[in-house]
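Being a predicted model, the structure only gives us computed values, none of them experimental.
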Amino acid sequence: SLNGDPFRLHTQTESSPSQLTTSITTGCTVITVNKYEDTDMSGSKGASEVAPSQSFSFALKSGSTTLQTKSTNASGVATFDAVTTGAYTVCEVTPLAAGWNNTDPGTDPPCKSVTASSATASVSFGNAEDITVNVNKFKDSNLNGTQDGSENGLGGWDFTLDGNPAGTTDASGALSFSASPGDSHE
C-alpha cells in the first residue's frame, strides 16, 4: 500500500491484476554528504568555500557495522541509498588522499552523527590541502636579515619539520616541503 491506499501491478494483457504481497516502506531517508574545501581552515563552511577537485569516500554506519560506502562526485556530494528511520554515523574513509587533512569535524576518525527522520538528511565535511613551506638559506654577509644581490644562497643545508627530516637546500639555497595546515610547526 502507498499511504494506506492499496494498489495493484499488472501487465497490459492481464485481465485480473493480483494484489501485491509487499508494501512500500514509509519513513525512509536519503542521507547526503556535502564536501567542501576548508580554505581558511576554520572547521566550518564559509560562503566562498566550494567542493574540492579531489574525490573523497564516506561510510554510512549503524553502530560499528558499515552499511554503505560512497564517493563524492565533481560537486562534492555523496548520496547514500535510502535507509529507514534511525540514528546513523557517517565517517570519512581514512587515510585521506595524500596532501589532504580533515578540518570538519577535525576528529580522529572524522565521523558525524546523523538522524534519519525525514525524507532527507545532510551532513557536511571539510578538508584542507597541505601548505607549502619555502625555505631560502643564504649567507647574510652584512647581517641585515635580507638577502641582497651580492649574497649567495647556501646549498647543502638540512632542515627538519617538527623534528623530522624535511630536506636539503639546493645549490641556490632553496627548499620546499609540505606541512599540514592549521597547525603550528617547528
Side-chain angles (χ1 to χ4, degrees), residues 24-137 157-169 174-186:
I24 295 175
T25 304
T26 59
C28 288
T29 301
V30 173
I31 298 173
T32 305
V33 175
N34 294 296
K35 186 69 176 170
Y36 66 94
E37 185 172 352
D38 193 5
T39 54
D40 65 1
M41 297 169 280
S42 66
S44 61
K45 187 176 186 314
S48 64
E49 293 175 328
V50 297
S53 57
Q54 174 72 40
S55 179
F56 294 89
S57 295
F58 293 88
L60 178 65
K61 296 182 176 191
S62 177
S64 60
T65 303
T66 298
L67 304 175
Q68 302 174 42
T69 303
K70 300 288 182 175
S71 295
T72 55
N73 60 22
S75 299
V77 176
T79 303
F80 293 103
D81 298 333
V83 294
T84 57
T85 301
Y88 297 90
T89 305
V90 177
C91 295
E92 190 165 17
V93 176
T94 56
L96 297 177
W100 287 92
N101 302 273
N102 179 272
T103 59
D104 177 11
T107 58
D108 188 22
C111 295
K112 288 187 174 184
S113 297
V114 63
T115 302
S117 61
S118 61
T120 61
S122 182
V123 63
S124 295
F125 282 77
N127 282 10
E129 281 191 275
D130 283 349
I131 59 169
T132 299
V133 177
N134 294 312
V135 174
N136 182 37
K137 179 74 173 167
W157 287 76
D158 295 326
F159 282 83
T160 61
L161 174 66
D162 302 327
N164 299 308
T168 304
T169 57
L175 171 66
S176 293
F177 52 88
S178 295
S180 59
D183 295 329
S184 178
H185 296 285
E186 192 174 287

**Request:** Might you work through the side chain to side chain contact (heavy atoms under 4.5 Å, CB included) test for V133 and F159, ending with a clear yes or no?
**Result:** CA-CA 11 Å; V133 177; F159 282 83; over 6 Å; no
- Task: Kindly say whether T39 contributes a backbone atom to a donor-acceptor pair with the side chain of E49 at under 3.5 angstrom?
- Result: yes
Requested in this report: Show your reasoning for whether side chain to side chain donor-acceptor pair (under 3.5 Å) applies to D38 and T103.
Outcome: CA-CA 7 Å; D38 193 5; T103 59; 2.7 Å; yes
So do L175 and K137 actually touch side chain to side chain, heavy atoms under 4.5 Å?
no
Rounded to the nearest 0.5 angstrom, the OG1-CG distance for T160 and D158 is 9.0 Å
Is the F58-F125 ring centre distance short of 6.0 angstrom? yes
In short, A51 meets A74 closest at the heavy-atom pair CB-O, 4.2 Å
Would you say T85 and S117 are linked by a side-chain donor-acceptor pair, where the criterion is simply a distance under 3.5 Å?
no
| Has the side chain of T66 got a donor or acceptor atom that lies under 3.5 Å from a matching backbone atom of Q68? | no
**Q.** Close side-chain approach of N102 and L96, heavy atoms under 4.5 Å
**A.** yes
Review point. Please walk me through it: do N127 and E92 pass side chain to side chain donor-acceptor pair (under 3.5 Å)?
Key: CA-CA 10 Å; N127 282 10; E92 190 165 17; 3.0 Å; yes
Side chains of K45 and D104 in contact at under 4.5 Å (non-hydrogen atoms)
no
**Asked** Any side-chain heavy atom of F56 sitting closer than 4.5 Å to one from V33?
**Response** no
Between P52 and K35, the two heavy atoms sitting closest are CD-O, 3.8 Å
Here the gap from S71 atom OG to Q54 atom CD, rounded to the nearest 0.5 Å, amounts to 10.0 Å
CG (L67) and OG1 (T89) are apart, to the nearest 0.5 Å, by 9.5 Å
The reported gap from CG in D162 to NE2 in H185 (rounded to nearest 0.5 angstrom) is 5.5 Å
Minimal heavy-atom distance between D130 and W100, with the atoms involved, is OD1-N, 4.5 Å
Let's go through V77 and T32 carefully: what are the C-alpha distance in whole Å and the side-chain angles of both, what is the deciding distance for side chain to side chain contact (heavy atoms under 4.5 Å, CB included) to 0.1 Å, and is it a yes or a no?
CA-CA 7 Å; V77 176; T32 305; 3.4 Å; yes
In terms of heavy-atom contacts, N34 and S122 come closest through ND2-OG, 2.7 Å
All heavy atoms of Y36 vs all of S124, minimum pair found to be CE2-CB, 4.3 Å
**Q.** Note, D81 side chain near K70 side chain (heavy atom, < 4.5 Å)
**A.** yes
Exercise for review: Using modelled atom types only, decide if a donor and an acceptor are shared between the side chain of S55 and the backbone of T72 within a distance under 3.5 Å.
Suggested key: yes
